[in-house]
Amino acid sequence: MENRKGPPSESGPDLAVGNEDRSVYETVFCEMEDAVFLIDVEDRDEGYAFRFRRTNASHQRLTGISLEEIRGKTPRELLGDEQGASVAENYRRCVEARETIEYEEALALPEGPKEWQTRLSPVVEDGSVTRVVGVARDVTEQKERERTVQRIKDRLELAVEGAQIGVWDWDMTTDEVEFNDQWAAMLGHSLDDIEPRLDAWERRVHPDDLAAVEDALSAHVAGETEYYDAEHRMRTASGEWKWVRDIGKVVERDGDGEPVRAVGIHLDVHEQKRREAELERTRTLIERTQESASIGWWEVDLIGESLTWSDEVYRIHEVPTDETVELEDGIEFYHPDDRDAIERAFERLTEEGESYDLELRIVTATGRTRWVRAIGDPQFDDAGEVVGALGLFQDITERKRYEMALESTREDLRTVIDLVPDLVFVKDREGEYLLANEATAAAYGLSPEEVEGKTEGEIIPDADDSDAFRQDDLEVIESGEPKNVGEETLTTAAGETRILQTTKIPYQIAETGEDAVLGYARDVTDLKRYEQTLEEQRDNLKLLNQVVRHDIRNQLMVVESYTELLEDSLPDDRSRTYARTVIGAARQAAEITETAKDVTDVLLQAGGDRTPMRLRTELTGQIQQVRSDEDRAAVTVDGSIPDVTVLADDLLEAVFRNLLTNAVVHNDKQVAEITVSTSLSDDAVCVSIADNGPGIPDDHKEQIFQEGEKGLESGGTGIGLYLVKTLVDKYDGDVWVTDNDPTGSVFTVELPLAD
């Protein structure tokens with residue numbers, strides 16, 4: 001099939017410039033470090049076709065594809081079906097948008113897989129896009145560095161959180177001390193169990209340790225030491241004693257140099273102290289290993305070239321204890337990927353006397369892979385020569401599995417946070433971003449890595465936005481209470497104003513205990529625009545209903561008035577009967593417009609609160625109206641109508657009007673006899689409207705309140721009783737119908753009383 005638009009010539013970039021300018025553009029095209037390429041666009045009946053026309057030297061170098069190999073090829077011909085289709089789709093988006101687009105992509109190329117930041121710009125000639133100019137930047141190394149940095153950061157956060165460090169903050173002017181949850185949990189308490197006073201802390205310190213602790217603390221307060229550092233025992237919730245390492249420092253002094261505030265941490269060193277106590281009770285390596293069933297010892301005699309294992313090392317390797325393991329065989333148990341590391345470490349030990357402490361994998365005699373901690377120390381003779389080695393061997397498989405699981409979970413959680421379309425962020429007291437998900441960074445035209453570590457004022461484009469956000473953040477941090485910002489604006493990096501609904505809650509940084517704020521912001525710009533559109537449509541519909549009702553009622557009044565004038569001049573009773581029928585129909589049609597008004601008001605209400613309404617006023621007014629409008633209706637009131645208020649709104653009158661009108665319109669008697677009665681209880685009032693009409697069959701009593709249902713042989717619209725049911729439900733009331741005696745129906749409305 002012939003092209004609608006032929007491809008441009010092959011003589012160069014073919015931009016609409018003069019020869020001198022073309023030379024400049026040609027130089028730029030060829031010398032740019034980024035990969036530049038030119039695509040011919042063919043607009044065919046079956047869709048666009050794209051063929052590579054030119055590439056610069058950087059493109060050829062970075063992709064490994066020469067100009068001869070790429071010229072005239074389609075994306076599918078050059079990159080295969082899957083990659084080619086993806087690339088062609090981006091070209092199609094650029095052509096149809098007729099504007100520059102940017103995106104990131106990963107491609108498998110002859111030079112290897114690469115990641116690109118690509119920018120496509122259309123070239124328009126005679127109203128058609130004839131070419132696409134692309135500039136692609138190789139960001140493969142940058143992306144890998146970003147991923148590496150993120151992994152390191154995640155591991156660091158995991159290590160800090162997993163350390164379970166207890167934090168204390170001592171106001172030295174009042175002797176009040178604040179503790180974090182980890183401090184309390186370390187002793188088996190909840191934070192509410194801990195009295196925030198220095199003397200309460202001192203009572204928890206073991207009596208034998210208290211004097212040394214106070215001496216160390218006094219020396220630091222006096223400025224004799226840079227840090228307060230002491231190890232002591234503290235009483236736990238169960239009454240036992242636990243060893244902790246207590247480290248602190250004076251961080252604030254008054255104008256006279258007197259200390260006013262100190263902060264510090266408690267580290268659980270109970271297990272460490274227990275091990276130290278065990279080590280002190282032993283004089284040999286074998287006795288040292290008794291502290292843990294999972295630690296064994298080993299010894300190498302370089303002179304005799306022998307290797308000795310303890311029973312625990314045999315167990316870890318799953319080798320029978322009666323077997324002899326040669327020195328060269330010990331290395332063979334290590335995992336192939338870790339064997340070089342242990343060999344280099346052992347070589348440095350024997351040749352340079354350098355100790356090692358490594359975490360490596362071994363493959364046991366039964367083929368199972370285990371993680372172990374291998375520690376080796378050199379043994380010297382009198383001349384200082386290395387003659388052997390002693391070491392420890394510990395099975396740490398379970399710990400490594402736990403650490404890897406935690407790391408994987410941390411990465412998964414970060415991925416989930418970045419996938420959240422709403423803005424999620426954490427900022428400290430100074431306004432520095434500690435966490436920013438992809439949505440937050442995108443609002444500022446940055447990546448999360450570019451946002452995190454920056455202060456708010458450095459990245460928010462609009463200074464007014466920054467000041468407003470900062471004020472909210474400090475309010476949450478200072479009050480310790482969450483704050484919901486129903487509506488606030490944000491100016492994005494693109495200059496677009498977005499509307500956000502934001503929730504901010506107080507947050508504490510795990511590693512430092514410092515106060516921060518955690519925020520979650522949802523972009524409701526489109527929702528607000530939609531609500532505004534709905535409001536405008538509602539106003540328009542209300543106006544239309546008002547105009548149409550007004551015009552229809554005017555015309556019905558004309559029909560009724562002229563028919564009444566004609567009635568007396570008609571020659572016989574039959575003609576006058578016809579005239580009265582027309583008058584009745586006109587009046588009924590006018591009543592239908594009134595019902596339509598009520599239905600419209602109900603449908604257009606956005607909610608609306610119920611207010612106290614006087615029952616007697618609303619009901620009496622409608623009774624008088626029916627008596628005035630309906631010649632064949634006889635309305636009586638059984639008893640008095642109580643002067644009470646009910647929870648309703650201005651449409652309450654429509655409930656009574658429709659029930660009274662319904663009793664007349666659907667009555668087959670010459671005179672419609674209607675009786676209104678009321679009954680009162682502690683929290684509700686019931687209004688009953690009884691008629692002498694034909695009644696309603698039992699199987700139809702539930703259906704008559706449904707939308708569009710009509711009474712028996714009715715010519716009405718069927719929305720009157722539906723309107724009644726809708727309004728009564730809105731008032732938290734009820735409506736039902738029963739049989740009247742001897743004939744007819746009784747409609748009862750129950751409404752809650754106002755306080």
Side-chain angles (χ1 to χ4, degrees), residues 231 243 245 267-403:
E231 291 184 352
W243 278 98
R245 183 181 180 190
L267 300 175
D268 184 350
V269 296
H270 189 76
E271 185 64 22
Q272 174 185 336
K273 294 294 290 186
R274 188 185 69 81
R275 288 198 302 268
E276 289 177 357
E278 289 290 339
L279 289 173
E280 289 174 2
R281 289 194 296 268
T282 61
R283 301 187 65 180
T284 66
L285 191 57
I286 296 177
E287 291 175 319
R288 255 170 47 203
T289 62
Q290 293 176 355
E291 63 181 289
S292 172
S294 62
I295 299 178
W297 60 269
W298 58 267
E299 182 177 8
V300 169
D301 180 359
L302 295 177
I303 305 299
E305 297 185 351
S306 64
L307 171 64
T308 303
W309 281 353
S310 70
D311 290 348
E312 181 62 22
V313 177
Y314 273 101
R315 187 196 66 78
I316 294 173
H317 285 83
E318 296 183 322
V319 174
T321 56
D322 57 355
E323 289 189 11
T324 300
V325 179
E326 302 296 336
L327 179 58
E328 60 271 15
D329 295 337
I331 297 293
E332 296 300 319
F333 278 98
Y334 284 92
H335 191 282
D337 293 342
D338 295 341
R339 198 169 294 159
D340 287 344
I342 188 62
E343 287 179 341
R344 288 195 299 269
F346 193 74
E347 183 178 344
R348 289 194 298 272
L349 181 147
T350 57
E351 295 182 0
E352 303 173 18
E354 181 180 334
S355 301
Y356 64 80
D357 187 343
L358 303 173
E359 293 184 355
L360 306 167
R361 289 163 294 178
I362 65 168
V363 179
T364 69
T366 61
R368 293 199 299 174
T369 300
R370 283 180 171 170
W371 278 94
V372 298
R373 181 183 180 189
I375 301 174
D377 290 320
Q379 300 297 302
F380 302 94
D381 60 14
D382 294 339
E385 297 293 329
V386 178
V387 295
L390 287 173
L392 298 177
F393 206 75
Q394 182 181 14
D395 186 348
I396 58 171
T397 304
E398 291 304 318
R399 175 172 68 80
K400 293 296 289 188
R401 288 174 180 168
Y402 175 71
E403 291 174 353

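Every value quoted in this text rests on a predicted model; they were computed, and no experiment measured them.
Atom OH of Y402 has 12 or fewer neighbouring heavy atoms from other residues, nucleotides or ligands inside a 6.0 Å radius.
Within the 3.5 Å criterion, the main-chain N or O of T397 finds no donor-acceptor partner in the side chain of R370.
Expressed to the nearest 0.5 Å, how far CG of D301 lies from CG of L390 amounts to 10.5 Å. Taken from CG in L349 to CD in Q379, the straight-line distance is 9.0 Å, to the nearest 0.5 Å. To the nearest 0.5 Å, atoms CD (E299) and OG (S306) are separated by 7.5 Å. In this structure, the separation between CD on Q394 and CD1 on I316 is 8.0 Å, given to the nearest 0.5 Å.
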Show, in sequence, the C-alpha distance, side-chain angles and deciding distance for R344 and E347, and conclude whether the salt bridge (charged side-chain N to carboxylate O under 4.0 Å, His left out) test is met.
CA-CA 5 Å; R344 288 195 299 269; E347 183 178 344; over 6 Å; no
Open item on the list: Quick one, L302 with V387, criterion side chain to side chain contact (heavy atoms under 4.5 Å, CB included). Give me CA distance, side-chain angles, the key distance, then yes/no.
Closed with: CA-CA 5 Å; L302 295 177; V387 295; 5.6 Å; no
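Between V386 and F380, the closest side-chain pair of non-hydrogen atoms falls below 4.5 Å. Here the side chains of E312 and I295 are not in contact, with every heavy-atom distance at 4.5 Å or above.
Across all their heavy atoms, L327 and E305 have their closest contact at CB-O, 4.2 Å. Heavy atoms only, all atoms of each residue included: L307 and E326 are closest at CD2-O, 3.8 Å. Heavy-atom minimum distance, W297 versus T308: CH2-CG2, 3.8 Å.
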Name each donor-acceptor pair under 3.5 Å that joins a side chain in residues 318-325 to protein atoms two or more places apart or in another chain, with its distance.
residue : atom : partner : partner atom : Å
E318    : OE1  : T364    : OG1          : 2.6
E318    : OE1  : T366    : OG1          : 2.2
E318    : OE2  : R368    : NE           : 3.1
E318    : OE2  : R368    : NH2          : 2.4

Which donor-acceptor pairs under 3.5 Å do side chains of residues 352-362 form with protein atoms, sequence neighbours excluded?
residue : atom : partner : partner atom : Å
S355    : OG   : D377    : OD1          : 2.8
D357    : OD1  : R373    : NE           : 2.9
D357    : OD2  : R373    : NE           : 3.4
D357    : OD2  : R373    : NH2          : 2.5
E359    : OE1  : K400    : NZ           : 3.3
E359    : OE2  : R399    : NH2          : 2.5
R361    : NE   : D338    : OD2          : 3.0
R361    : NH2  : D338    : OD1          : 3.1

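Applying the ring-ring contact (aromatic ring centres under 6.0 Å, His included) test to every pair with at least one member in residues 310-330, sequence neighbours left out, gives these pairs: W309-Y314, W309-H317, H317-F333, H317-F393.
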